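All of these numbers come straight from a predicted model, not from anything done at the bench. Naming convention: chains lettered A, B, ... in sequence-line order (proteins, then strands); numbering from 1 in each chain.
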Number of protein chains: 2
Amino acid sequence: MEAMKTTGATAGRPRLSGSTGESPRQEIIREATALFVAKGYAETTMSEIARSAGLRQSSVYYWFARKEHILQALLEENRGSLQVAEALEPAPGSAAARLYAVLHADAVQLCASPLDFYEFERVARSQPQNFGAFFEDYSELHRLAASIIRQGIDAGELRDVDPEAAATAALSLNEGLQRHYRQPLPGLRTYTADDVSALSADTTLASLLRAPDDLPAVRIEAAALSASVDLSTES
Amino acid sequence: MEAMKTTGATAGRPRLSGSTGESPRQEIIREATALFVAKGYAETTMSEIARSAGLRQSSVYYWFARKEHILQALLEENRGSLQVAEALEPAPGSAAARLYAVLHADAVQLCASPLDFYEFERVARSQPQNFGAFFEDYSELHRLAASIIRQGIDAGELRDVDPEAAATAALSLNEGLQRHYRQPLPGLRTYTADDVSALSADTTLASLLRAPDDLPAVRIEAAALSASVDLSTES
DNA sequence: CCAGACTTTCCATAGCTTATCGAAATACTG
DNA sequence: CAGTATTTCGATAAGCTATGGAAAGTCTGG
């Protein structure tokens, strides 16, 4: 079971719909993602996913034994901001700018992700054995953010706060704001992904910087850092 | 239908369980709340609610035609932080302290609420016609917070930021942090309701204050304001 | 005190969901 | 060309929300 064929060669019983594209696994993930984005995870049924992918409801279970496994597969294709944090935590230079770059990258990724962070978290919590990676990544990101904050405090750039609590607040703000980007509340202004990412990083850094007037300079340095990380990732 | 009896007088067919307490409506809300707190809204079934309340699954539908209506009734019993904002927005004195008091009260309420903010929001979004009050209250709270921020900018207490965006960030931080209080992520420190409320208000005010060193004084003044609002509400 | 109305609960069940199982239909292998 | 591996299908179990009608009481007017 769980064959790993990626080419479109036709083995097994043919579909009633006759459709025959790429790897069924990828096909299902792609269609499911579109439906999750449009309707949310809980409101999307396996029948709808099957119909979109061109097969029957029960056939989807050949590729994914549980609905959560589709979400899991989707999650594994969406790592990223952790890499930025891992690259920047030990890097030289201003801790404030590195923190800004990490938070901004994380917010961008939360906004760009096909699924709401809280939907991931909800499913991850109900299937801890399958989503260990989710929690590990999160706590690693938290640890790295707290470490950068500690560096900033030691260097005198940042106010003398509790690094762990500050990291929790910073990530919470990212998560809370991605929600406002993703699902604008009626009567409130709508924001772009860039808006909320800048708003989040600006707010956190303004709350931590010993000299808030340095914020514009921090932003500029962070932008340079982000660019350098992107380049080094490509190589 | 939908009788309004609140006394425990027994009319109608008796229950198989023989139980006969207060108003069935209140009984159902109380038991459902406990289950929602323990397992979350989506994971709680009408059968479980019925069993806890001492009747059969379908009998619950006599009092609440839809599962969401139980949540709605629960929500209507939990207003509060809006009152603080309405009392303090036009009040005299430091805008920073009033903002701190409003944000702190909102965070405390989010933590004390029987249900996760995002679960409310999710259900409210799926039943907009029944949850209009939810969105109205939220946008009113947002408006009042933005107004206090604007006052603080005009008075020179706060940095010259966009009041609407700052209010969105402040409320987002409250919402994101209540999540960490309510469902601590594995590997991260756990926080009390007071911890996250102070952390949230501290962070927001630190990001907005022109002179972050004033934060301790702002905290003290805010505590006095909160006490005065509580007193005036009781009268 | 009794007939009918009203209130509340129950049982049965429709229709939807996730998930399982065995059979069917094809390609691959020796 | 027989046997095996792969993939899909149909049928169906078990659980969910919600509906409809019958049942079992209390309440009220005559």
B:Arg15 CZ to C:dT7 P: how many Å, rounded?
17 Å
Write down the distance between CZ (A:Arg51) and P (D:dT8), rounded to a whole number of angstrom.
17 Å
What does the B/S/- profile of nucleotides 18-26 of chain C look like, 5' to 3', with a 4.0 Å heavy-atom cutoff to protein?
BBB---BBB
Of the candidates D:dG10, D:dT8, C:dC11, the side chain of B:Arg56 sits closest to C:dC11
Measure up the B:Tyr41 and B:Phe36 rings against each other and bin them: parallel (under 30°), tilted (30 to 60°), perpendicular (over 60°).
perpendicular
From CH2 of A:Trp63 over to P of D:dC9, roughly how many Å is that when rounded to an integer?
12 Å
Please determine, for the side chain of B:Leu16, which listed nucleotide (C:dC10, C:dT8, D:dT7) has the closest atom?
C:dC10
A:Lys67 NZ/CZ over A:Tyr61 ring centroid, <6.0 Å and within 45° of normal:
no
Please tell me whether A:Thr168 and A:His142 have a donor and an acceptor in their side chains that are separated by less than 3.5 angstrom.
yes
Ignoring hydrogens and angles, state whether a donor on the side chain of B:Tyr118 or A:Asp116 is under 3.5 Å from an acceptor on the partner side chain.
no
Under 4.0 Å from OP1 or OP2 of C:dT8: is there any side-chain N or O of B:Tyr62 that close?
yes
Under a 3.5 Å cutoff, is there a donor and acceptor pairing between the side chains of B:Ser197 and B:Asp194?
no
Do A:Ser47 and A:Thr45 have side-chain atoms, one donor and one acceptor, less than 3.5 Å apart?
no
